[in-house]
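These figures come from a predicted structure and were not determined experimentally.
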Amino acid sequence: MNQATGPRVTDFETHYRAEFALGEHSVRHLRRILRLYLKGSGLLEVADAAGLAVSELLANVIRHVPGRRCGICFLLQPGGVRVEVSDRCPRLPVPGAGDTLAEGGRGLLLVEAVTDRWGVTPHPAGGGKTVWFECGRSPAPRPTPRP
């Protein structure tokens with residue numbers, strides 16, 4: 001049986017990169033890897049939002065990218081994480097209109113709702129794109145001054 005273990009402090013990396021064709025269980029495995037990285041860096045509080053957002057971006061690859069090939073990068077930053085999903089499909093993603101009866105089209109709306117920032121960077125000469133998002137810790141509430 002496969003078992004996932006978290007990174008040890010001595011071998012902890014601040015980034016993860018991989019390229020592959022997405023399969024049946026890829027989204028689940030990548031969410032788990034992301035969660036382990038966030039836990040190891042003390043950013044577990046952003047894991048749910050980042051996990052949902054990466055699931056939506058990978059679902060878009062599965063639905064819209066021929067061959068389901070993509071690259072993924074998790075970049076740990078002070079107080080947050082940046083996740084990038086790159087592919088060679090020149091079509092840029094478009095947020096849906098929010099039609100509640102449609103079978104799809106709400107993924108980017110979810111990404112926008114749960115992340116601090118997101119965007120799309122087209123590759124030169126129509127060679128694909130990178131869709132990215134950033135999630136960070138909520139700033140700590142400031143103490144209320146006493147009268």
Side-chain angles (χ1 to χ4, degrees), residues 1-140:
M1 175 174 229
N2 293 337
Q3 181 178 2
T5 59
R8 296 184 305 261
V9 173
T10 57
D11 63 2
F12 191 74
E13 294 286 331
T14 58
H15 67 280
Y16 170 84
R17 287 186 196 278
E19 289 192 29
F20 45 85
L22 293 174
E24 184 178 341
H25 302 290
S26 300
V27 175
R28 178 174 45 130
H29 293 308
L30 287 166
R31 275 196 324 258
R32 179 176 284 162
I33 292 168
L34 177 58
R35 186 172 199 80
L36 289 171
Y37 268 78
L38 294 174
K39 182 178 179 184
S41 65
L43 291 168
L44 195 54
E45 68 188 74
V46 302
D48 290 338
L52 175 59
V54 78
S55 296
E56 294 301 329
L57 296 188
L58 294 172
N60 282 346
V61 171
I62 290 169
R63 281 190 200 100
H64 303 294
V65 175
R68 298 179 171 184
R69 296 204 57 82
C70 71
I72 192 160
C73 182
F74 305 148
L75 299 166
L76 297 178
Q77 302 170 330
V81 64
R82 179 180 174 104
V83 175
E84 300 175 348
V85 176
S86 300
D87 63 61
R88 292 190 178 115
C89 182
R91 286 182 290 156
L92 299 180
V94 178
D99 181 357
T100 56
L101 298 177
E103 286 189 29
R106 290 180 294 280
L108 292 176
L109 296 174
L110 285 170
V111 170
E112 183 172 1
V114 301
T115 64
D116 295 320
R117 297 180 343 133
W118 77 276
V120 181
T121 306
H123 297 174
K129 65 197 168 290
T130 298
V131 184
W132 57 268
F133 67 83
E134 295 176 351
C135 289
R137 284 190 184 120
S138 300

task: Quick one: pull up CD in Gln77 and CG in Leu43 and give me the separation to the nearest 0.5 Å.
output: 9.5 Å
- prompt: At their closest point, which heavy atom of Trp132 faces which heavy atom of Val120, and how far apart are they?
  reply: NE1-N, 3.8 Å
task: Rounded to the nearest 0.5 Å, what's the gap from NZ on Lys39 to CD on Glu45? Could you check?
output: 15.0 Å
Atom of Leu30, atom of Phe74 and distance for their closest heavy-atom approach: O-CZ, 3.7 Å
- request: Please tell me if the side chains of Arg82 and Arg117 come closer than 4.5 Å, counting only heavy atoms from C-beta onward.
  value: yes
- prompt: Side chains of Leu76 and Leu38: does their closest heavy-atom pair fall under 4.5 Å?
  reply: yes
query: Could you go step by step and tell me if Val83 and Leu34 meet the side chain to side chain contact (heavy atoms under 4.5 Å, CB included) rule?
result: CA-CA 9 Å; Val83 175; Leu34 177 58; 4.2 Å; yes
task: Give, for atom CD of Glu84 and atom CD of Glu134, the distance between the pair rounded to the nearest 0.5 Å.
output: 8.5 Å
Sub-4.5 Å side-chain heavy-atom contact between Val27 and Ile62: yes
field: From CZ (Phe133) to CD (Glu56), nearest 0.5 Å
entry: 10.5 Å
field: Note, Leu44 side chain near Arg35 side chain (heavy atom, < 4.5 Å)
entry: yes
task: Say whether, by atom type as modelled, one donor and one acceptor occur between the side chain of Lys129 and the main chain of Asp87 under 3.5 angstrom.
output: no
field: Side-chain heavy-atom pair Ile33, Tyr16 within 4.5 angstrom cut-off
entry: yes
- prompt: How close do Leu58 and Cys70 get, heavy atom to heavy atom, and via which atoms?
  reply: CD2-SG, 4.2 Å
- prompt: Would Ile72 and Val54 count as a side chain to side chain contact (heavy atoms under 4.5 Å, CB included) if you check the C-alpha gap in whole Å, the side-chain angles of each, and the deciding distance to 0.1 Å?
  reply: CA-CA 9 Å; Ile72 192 160; Val54 78; 3.8 Å; yes
task: Provide the closest heavy-atom pair for Ala49 versus Val114 in the form atom of the first, atom of the second, distance.
output: CB-O, 3.3 Å
- line: Here the pair of heavy atoms bringing Cys135 nearest to Thr115 is SG-CG2, 3.7 Å
field: Over 12 non-hydrogen atoms of neighbours within 6.0 angstrom of CD in Glu19
entry: no
message: Show the nearest heavy-atom pair for residues Val61 and Arg69, with the distance to one decimal.
response: CG1-O, 4.2 Å
